[in-house]
Protein chains: 2
Amino acid sequence: MKDEAITLNHGAGGRQMHQFINNVILKELSNGILERLDDSAVIKNSKHGRLAMTTDSYVVSPLFFPGGDIGRLAVSGTINDLTTSGAIPLGLSLAFILEDGVKLEVLERIVHSIAIAAKEANVKIITGDTKVVEQGKGDKIFINTCAIGSIPDHINLSSYNATDGDIVMITGAIGNHEITLMKERELFDFDTTVTSDAAPLNIQVQSILENFPKLNVVKDPTRGGVASALNEIVDHSNCSIILQEQALPIDPEVANISELLGLDPLYMANEGKFIIIGPAEMHDHVREFFPDAVTIGKVKKDKKAVLLLETKFGGLRRVGMLETTQLPRIC
Amino acid sequence: MKDEAITLNHGAGGRQMHQFINNVILKELSNGILERLDDSAVIKNSKHGRLAMTTDSYVVSPLFFPGGDIGRLAVSGTINDLTTSGAIPLGLSLAFILEDGVKLEVLERIVHSIAIAAKEANVKIITGDTKVVEQGKGDKIFINTCAIGSIPDHINLSSYNATDGDIVMITGAIGNHEITLMKERELFDFDTTVTSDAAPLNIQVQSILENFPKLNVVKDPTRGGVASALNEIVDHSNCSIILQEQALPIDPEVANISELLGLDPLYMANEGKFIIIGPAEMHDHVREFFPDAVTIGKVKKDKKAVLLLETKFGGLRRVGMLETTQLPRIC
């Protein structure tokens, strides 16, 4: 026990990360809020109403990739996590851990990309920090961002709120971010035009909520992909979800490469997609702001609380959490 | 210009860090709040009143040292930064960047230390994140924390508020944290019993403010020490500060070691001290909750806006910002 060590799997968004969080973090730090393990924490305060807060560190490698870079990711990922609570951003923090020797020009490009993404999300970077470590003690640039936001009174989004009869939508094709990073790392050598989907999506979700506030769950399927995100929802909401394999939107190139490599897009990270769960009437409201959104499954009251996939051939198979890393450092 | 690179000095809290922040960060991200460069950002919002937010990453080496560890530092440093705005904490985030192979036992000790420090500060860890990087791409454990808090209506603290006639107090002896880390890194080999002062001090400051709300500046002299913190205040408040060398509280061991090494405690990092600036009537209120606090100088209206030191021999010399790193990775 004493010699147990952290491995890359502890950061992969799968079962080992969840065990680590339970056994090491929550054991010491449980306090009524943290152990909900929602993507955003919600603070209820008589003076301030409901505030949401969320944080993520970004260690993606390489720093730049088709469709984005670590800076765009650091804004998008954290703003999207905040959006899972229905909060409207009040501010974003930005902290760098730089490796001695990283070129200023590289940093300038990344800061520029952060500025563009923050503008898209209509959020201000309000505070920050810079630390520098010696060569060989870091990897060029790590970024942490933290977002706070205000939850409108009539909104009640949480991974605990999936309800019997709800439909499950995804706002677009899955797997593109992870395939893009695999290509950049030369893990396969077929040509591909796939690019990362990294984008902040808070404005679209706010627009949907203004028209249709009764969404139940909004969740971004990042590390561990759609399968891990839905397993968390199933676990938190204590219900089952049945996915239709045929309905899953997967770009042909992503589907082909996944098949050739024997990988499942359901477990691949996305950085610009939301799973949205709510009553069937939400469908057109979601499509108004996410034209590529499709219904991929439904929620069923069921004490077993499992994620099931109805395959193209009519079979039903259980889809578990990610066990080990498909690919480390994808965000 | 293209080949310019980040060095350890860019993270040292001195002039190079300030230039980097101005030329790279603010050039892209100015927005009316960030460029104030206060230790905490303040958001004014009709619905929520005034909220404060601050973030810091911790890369201290070694992870454990007499008087503290990276976990205690990660709570204390960020809560103390939040306290410089007068805010009462609403929540703290906690994000780890771990190096593959770090022992679980080490992490458990640090999480335990975080739990203790959070209890001292009466703050809850409400959200978090864990990333893991490959061996040689990190250095065991980096931590980022971000705090949000609520500023009571009648409080108005800022590094911009130092006023002619104010007294300048420090809540205790300076230099202990940096000397402790120098000893741990074997940068000198005399014996010493000096330990780090790392501690969250928000409860004491809140208590003072309840009795005497008219403090003007509360600032923690961390990286770059008292001299750099006061230079920032002088610059922001557009006034001069005259320090009395004789009044500076320095433990004899710290004084001796500094003299032997030719280092100035005024530039040494502290992790459990506050500079407090306000009207002379604050003196006894500050001493009630910080019994070791002493007056070390006063504020003078003066367009030159410089920090001056009246030496033990009656001379007056200018004290500038830290130019280069005294010691990297002290927090």
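Note on naming: letters A, B, ... go to the chains in the order of the sequence lines (proteins, then strands), and numbering restarts at 1 for each one.
Most heavy-atom pairs under 4.5 Å with chain A, from the set B:Asp39, B:Ile116, B:Val106, B:Thr54: that is B:Thr54. For the set B:Leu107, B:Asp139, B:Val111, B:Ile6, the entry with the most heavy-atom pairs within less than 4.5 Å of chain A is B:Ile6. Interface summary for chain A: among B:Ser61, B:Cys331, B:Ser93, the most heavy-atom pairs under 4.5 angstrom belong to B:Ser93. Chain B forms more heavy-atom pairs under 4.5 Å with one residue of A:Asp129, A:Asn23, A:Leu29 than with any other, namely A:Asp129. Heavy-atom pairs under 4.5 Å with chain A peak, among B:Ala115, B:Ser30, B:Gly32, B:Gly138, at B:Gly138. Across A:Ala118, A:Gly49, A:Ser40, A:Gly11, the residue that shares the most heavy-atom pairs under 4.5 angstrom with chain B is A:Gly11. Counting heavy-atom pairs closer than 4.5 Å to chain A, the top-ranked of the candidates B:Ile125, B:Leu94, B:Val24, B:Ile33 is B:Ile125. Comparing B:Val42, B:Thr7, B:Val133 by heavy-atom pairs within less than 4.5 Å of chain A, the highest count is held by B:Val133. Among the candidates A:Val102, A:Leu90, A:Leu37, the residue making the largest number of heavy-atom pairs closer than 4.5 Å to chain B is A:Val102.
By the neighbour-count criterion of 12 heavy atoms within 6.0 Å, atom CG of A:Asn122 is sparsely surrounded, having that number or fewer from other residues, nucleotides or ligands. Within a 6.0 Å radius of CD in A:Glu186, no more than 12 heavy atoms belonging to other residues, nucleotides or ligands are found.
Contact of B:Leu51 with chain A is made through the side chain alone, with heavy-atom distances under 4.5 Å. Only the side chain of B:Ile97 comes within less than 4.5 Å of a heavy atom of chain A; its backbone N, CA, C and O stay farther away. Only the side chain of B:Ile43 comes within contact range of chain A, with at least one heavy atom under 4.5 Å from a heavy atom of that chain. Contacts of B:Met17 with chain A are made by side-chain atoms alone, with heavy-atom separations under 4.5 Å and no backbone atom involved. Using a 4.5 Å cut-off between heavy atoms, B:Leu98 contacts chain A through its side chain alone, with no backbone atom that close. Both the backbone and the side chain of B:Glu134 come within contact range of chain A, with heavy atoms under 4.5 Å apart. With a threshold of 4.5 angstrom between heavy atoms, B:Val59 approaches chain A through side-chain atoms but not through N, CA, C or O. Within the 4.5 angstrom heavy-atom criterion, only side-chain atoms of B:Arg223, from C-beta onward, approach chain A. Residue A:Ala52: no heavy atom, backbone or side chain, is found under 4.5 Å from chain B. With a 4.5 angstrom heavy-atom cutoff, A:Arg50 touches chain B only via backbone atoms. Contacts of B:Asp81 with chain A are absent, with no heavy-atom separation under 4.5 Å from either backbone or side chain.
Side-chain N or O atoms of B:Thr78 include none that pairs as donor or acceptor with a backbone N or O of B:Ala147 at under 3.5 Å.
Counting heavy atoms from C-beta outward, B:Gln19 and B:Asn9 have side chains that stay 4.5 Å or more apart. At a threshold of 4.5 Å between non-hydrogen side-chain atoms, the residues A:Asn144 and A:Thr55 count as touching. Counting only heavy atoms from C-beta outward, the side chains of A:Asp56 and B:Lys131 approach each other to under 4.5 Å.
Ring geometry for A:His236 versus A:Tyr160: interplanar angle under 30°, hence parallel rather than tilted (30 to 60°).
Distance check, rounded to the nearest 0.5 Å: CD1 of A:Ile141 to CD1 of A:Ile110 gives 3.5 Å. Distance check: A:Ile143 CD1 to A:Asp69 CG gives 8.0 Å after rounding to the nearest 0.5 Å. The line from CG of A:Leu92 to CG of B:Asn31 is 10.5 Å long, rounded to the nearest 0.5 Å.
Remark: B:Lys137 does not engage B:Asp100 in a salt bridge, criterion side-chain N to carboxylate O under 4.0 Å.
When only modelled atom types and interatomic distance are considered, B:Ser159 and B:Asp38 share a side-chain donor-acceptor pair under 3.5 Å.
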